[in-house]
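Step one of this worksheet: look at the structure below.
All values derive from a computational prediction rather than experimental measurement. Letters A, B, ... are given to chains in the order of the sequence lines, protein chains preceding strands, and every chain is numbered from 1.
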2 protein chains.
Amino acid sequence: MAESTHLTVVPVEPGQSRYAALAAALRARVVAGEWPPGSALPAEQTLAAEHGVALGTLRRALELMADQGLIERIHGRGTFVRAGMTGATMMRFFRFGEGTGEVPVSRIVSRQLLVAPAEVARRLGLARGDTALRLLRVRSFAGQPGVYEEIWLPPALFGELVESDTQAWGDLLYPLFAERCGVHVHRAVDEIAFGALTAAQARHLALPAGHPCALVTRNAYDLAGHCVEVRFTRGDAHAFHYTVTIT
Amino acid sequence: MAESTHLTVVPVEPGQSRYAALAAALRARVVAGEWPPGSALPAEQTLAAEHGVALGTLRRALELMADQGLIERIHGRGTFVRAGMTGATMMRFFRFGEGTGEVPVSRIVSRQLLVAPAEVARRLGLARGDTALRLLRVRSFAGQPGVYEEIWLPPALFGELVESDTQAWGDLLYPLFAERCGVHVHRAVDEIAFGALTAAQARHLALPAGHPCALVTRNAYDLAGHCVEVRFTRGDAHAFHYTVTIT
DNA sequence: AAGTGGTCTAGACCACATC
DNA sequence: ATGTGGTCTAGACCACTTG
């Protein structure tokens, strides 16, 4: 069945521009999986003809989507659905292997299916009493432990990880999520706070119990906006640093 | 002297687009003070004609400048040089009068001309041994002290503040800088770290000495990119919180 | 009513990546 | 050589703000 000149006119709400309506329509098609993460959208000319708009209008729609981080445009190659976050490492919050872009060594110290605490269930959108996959891991630089992470995952998406060999996982989780589970982390919200280490946490970081720590609580979301991971990252408060530019 | 059809063609470096060159030229005119902060630029049609480019090209240049926070475009009114930062209050880092947008009460507890510490002099671009104006202030919510600030200003710009009545300054410094000294803070870089309060600092915050604190070190810059303020803000670490979204 | 920025069009041409 | 996105033009019309 040939997809011939399928002119699809997007309805425009009053008070909304044509390119905004177009962007919303295209966004819906991306989220629905019509073009999976990493794949290319049709050429501008094609999309413009399909929707019966001028090239300039179609381009404004794509530029909007690119600004929102949904797609990536590459001169001469095409327009691609973004595969996942780039360079959103937790280590940007701590001065350990700073600046080098070095990836810390990851060691999974625990993997269990547990009833999710109420707060975690709420963030993941699970019902009270539902179980979730909990990972505990230590990330080290030059053999020195830097941060201790508690990671909660909904088993419906991550069943694949329950029995696989954690030794083979490598040092980064998001590429693993994409390859093994088809879950693409697209956006994350990090909340920074301050606290003290419990005895158990301190042990993994080679610090005394009660030592001050920075706590980063992350909600990670997929393309559709569903929360797919909740992560608590703790590290020595004195190693914490972060820079924000305001304008 | 009538500024008639003064066609000013902007030279375009190879590998650079015409609108980028145009934006750079306009940026230079803004920084030079040709259109002071808060004032309006000429209309699009006028600027386009002046530079001998199409309207669309001129618009792209202005959009670039707007994205960089240099100007603000208002539909139906005009294009304006941004007067200063909006909503960059320090209090966004702490949970005190959170969400209410309430402005904390400010009390200046010290104002002195002192030799700037090396680190401060470096940040302000002063020579070693130069003096600077140091302010110490406490900012309170509902009568409770929230943060303690140490502020360093170059006297060349802020001489006006050395002798004026601090009681009359009000609760916000940046509007004061603009009105009394003609200094417009346009961009700021905040570095976040954790530490402990000295006895003197703790006293002003009604906390015990050695109490953990969040430290925000700010460099503030004017339109031309010169550092015009260095500020150290300290508050109870347990009241600290900050949220970042990554995509 | 007049002036401002925002949208949309139609088309030409340029720059980059790939085969 | 071909296909992709990026730039630039010229002009029409719309939407918002102000006197």
Aromatic stack B/His75/D/dA15: centroid gap under 5.5 Å, interplanar angle under 30°: yes
The side chain of [X] is closest to which nucleotide in this list: [options]?
X: B/Thr57; options: D/dG5, D/dT17, D/dC8; result: D/dC8
X: A/Val53; options: C/dT9, D/dG6, C/dT18; result: C/dT9
X: B/Ala54; options: D/dG6, D/dT4, D/dA10; result: D/dA10
X: B/Arg77; options: D/dG5, D/dC8, D/dT17; result: D/dT17
X: B/Arg73; options: D/dG5, C/dG5, D/dC8; result: C/dG5

To the nearest Å, give me how far apart [atom1] ([X]) and [atom2] ([N]) are.
X: A/Arg60; N: D/dT7; atom1: CZ; atom2: C1'; answer: 15 Å
X: B/Leu62; N: D/dC8; atom1: CG; atom2: P; answer: 14 Å
X: A/Glu63; N: C/dG6; atom1: CD; atom2: C1'; answer: 15 Å
X: B/Leu47; N: C/dG3; atom1: CG; atom2: P; answer: 17 Å
X: A/Ile74; N: D/dG6; atom1: CD1; atom2: P; answer: 10 Å
X: A/Leu22; N: C/dT7; atom1: CG; atom2: P; answer: 14 Å
X: A/Leu64; N: C/dG6; atom1: CG; atom2: C1'; answer: 14 Å
X: A/Glu44; N: C/dC8; atom1: CD; atom2: P; answer: 16 Å

Sugar-phosphate only, base, or nothing, as touched by B/Leu55 at under 4.0 Å among non-hydrogen atoms: nothing
Sugar-phosphate only, base, or nothing, as touched by A/Arg59 at under 4.0 Å among non-hydrogen atoms: base
Side-chain donor or acceptor of [X] paired with backbone N/O of [Y] under 3.5 Å:
X: B/His184; Y: B/Phe177; value: no
X: B/Asp171; Y: B/Val103; value: no
X: B/Arg218; Y: B/Ala220; value: no
X: B/Arg123; Y: B/Val120; value: no

Phosphate OP1/OP2 of C/dC8: any A/Tyr19 side-chain N/O under 4.0 Å: no
Side-chain N or O of A/Thr79 closer than 4.0 Å to phosphate OP1/OP2 of D/dG5: yes
Sidechain N-carboxylate O distance under 4.0 Å for B/Glu149, B/Arg137: yes
First encountered from the 5' end of DNA chain C, between A/Gly56 and B/Thr46: B/Thr46
